[in-house]
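Below, each value reflects all heavy atoms present in this structure, side chains not excepted, and no hydrogens, waters or symmetry copies. One-based numbering, in listed order, for ligands and for the atoms of each.
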Amino acid sequence: MNSGNMQDFFKGKTVLVTGATGFLAKVFVEKILRIQPEIQKLYLLIRASNSDLAEQRLQNEVFNIDLFRVLRAKLGEDFSSFISKKVVAIAGDVAIENLGIKDEKLKNEIFQGIDVLVHSAATTKFDER
Ligand SMILES: NC(=O)c1ccc[n+]([C@@H]2O[C@H](COP(=O)([O-])OP(=O)(O)OC[C@H]3O[C@@H](n4cnc5c(N)ncnc54)[C@H](OP(=O)(O)O)[C@@H]3O)[C@@H](O)[C@H]2O)c1
């Protein structure tokens with residue numbers, strides 16, 4: 001997909017991304033937010049025991065890294081409000097039924113509302129049992 005196609009495709013879409021703290025998904029999230037600010041919503045599934053901890057991981061491991069410096073520079077002081085409008089951190093685990101999402105209302109909202117699922121959660125350890 002070239003950038004033009006990606007821009008058109010993701011306009012107005014609601015997207016769920018798994019593995020959001022991982023290498024590939026971070027690059028995807030940054031690119032989408034930079035080239036298509038009119039994306040409807042990005043739900044990012046993150047391993048954490050509750051939504052506050054998921055949000056904390058999202059800030060520390062995703063948005064506060066150097067990868068986002070171009071978007072930060074582009075949006076300036078609007079960066080945080082843009083992110084909170086577009087991005088929702090979801091506490092979950094893909095190895096658990098229904099992605100381990102405990103909040104029923106949120107789970108239904110996500111499962112009924114998403115247009116695209118980007119599944120990037122994986123174990124990449126070569127010595128996994
Ligand atoms: N990196 C590459 O160059 C490359 C190239 C081609 C294909 N791929 C494939 O793309 C996928 C992602 O690769 P990556 O390099 O981004 O891997 P990565 O950096 O190791 O990221 C893996 C992500 O999956 C999450 N995760 C693992 N188990 C999970 C679970 N049970 N529930 C929810 N999240 C879970 C991890 O979360 P935690 O932070 O909580 O551990 C992390 O966010 C893999 O399938 C890989 O084989 C990667």
If you round to the nearest 0.5 Å, how far is CD1 of Ile32 from NZ of Lys86? 12.0 Å

Expected rows: ligand 1 N/O, protein N/O, dist below 3.5 Å:
unit_1	atom_1	unit_2	atom_2	d
ligand 1	16 (O)	Phe23	N	3.1
ligand 1	16 (O)	Leu24	N	2.8
ligand 1	19 (O)	Phe23	N	2.9
ligand 1	20 (O)	Thr124	OG1	2.7
ligand 1	24 (O)	Ala122	N	3.1
ligand 1	24 (O)	Ala122	O	3.4
ligand 1	28 (N)	Arg47	NH2	3.3
ligand 1	31 (N)	Asp93	OD1	2.6
ligand 1	32 (N)	Asp93	OD1	3.2
ligand 1	32 (N)	Val94	N	2.9
ligand 1	37 (O)	Thr21	OG1	3.4
ligand 1	39 (O)	Thr21	OG1	2.6
ligand 1	39 (O)	Arg57	NH2	2.6
ligand 1	40 (O)	Arg47	NE	3.1
ligand 1	40 (O)	Arg57	NH1	2.9
ligand 1	40 (O)	Arg57	NH2	3.4
ligand 1	41 (O)	Arg47	NH2	2.9
ligand 1	43 (O)	Gly19	O	3.3
ligand 1	43 (O)	Thr21	N	3.4
ligand 1	43 (O)	Thr21	OG1	2.6
ligand 1	43 (O)	Gly22	N	3.0

Linking I/L/V/M/F/W/Y whenever any side-chain heavy atoms sit under 4.5 Å apart, do Val29 and Ile114 land together? no

If the test is side-chain contact (heavy atoms from CB on, under 4.5 Å), which one of Ile46, Leu44, Leu45 qualifies with Thr21? Ile46

Is the positively charged end of Lys26 above the ring of Phe23, judged by distance under 6.0 angstrom from the centroid and angle within 45° of the axis? no

Without swapping roles, check the side chain of Arg57 against the backbone of Ala48 for a donor-acceptor pair under 3.5 Å. no

With distance as the sole test, does Ser51 use its side chain to make a donor-acceptor pair with the main-chain N or O of Ile90 at under 3.5 Å? no

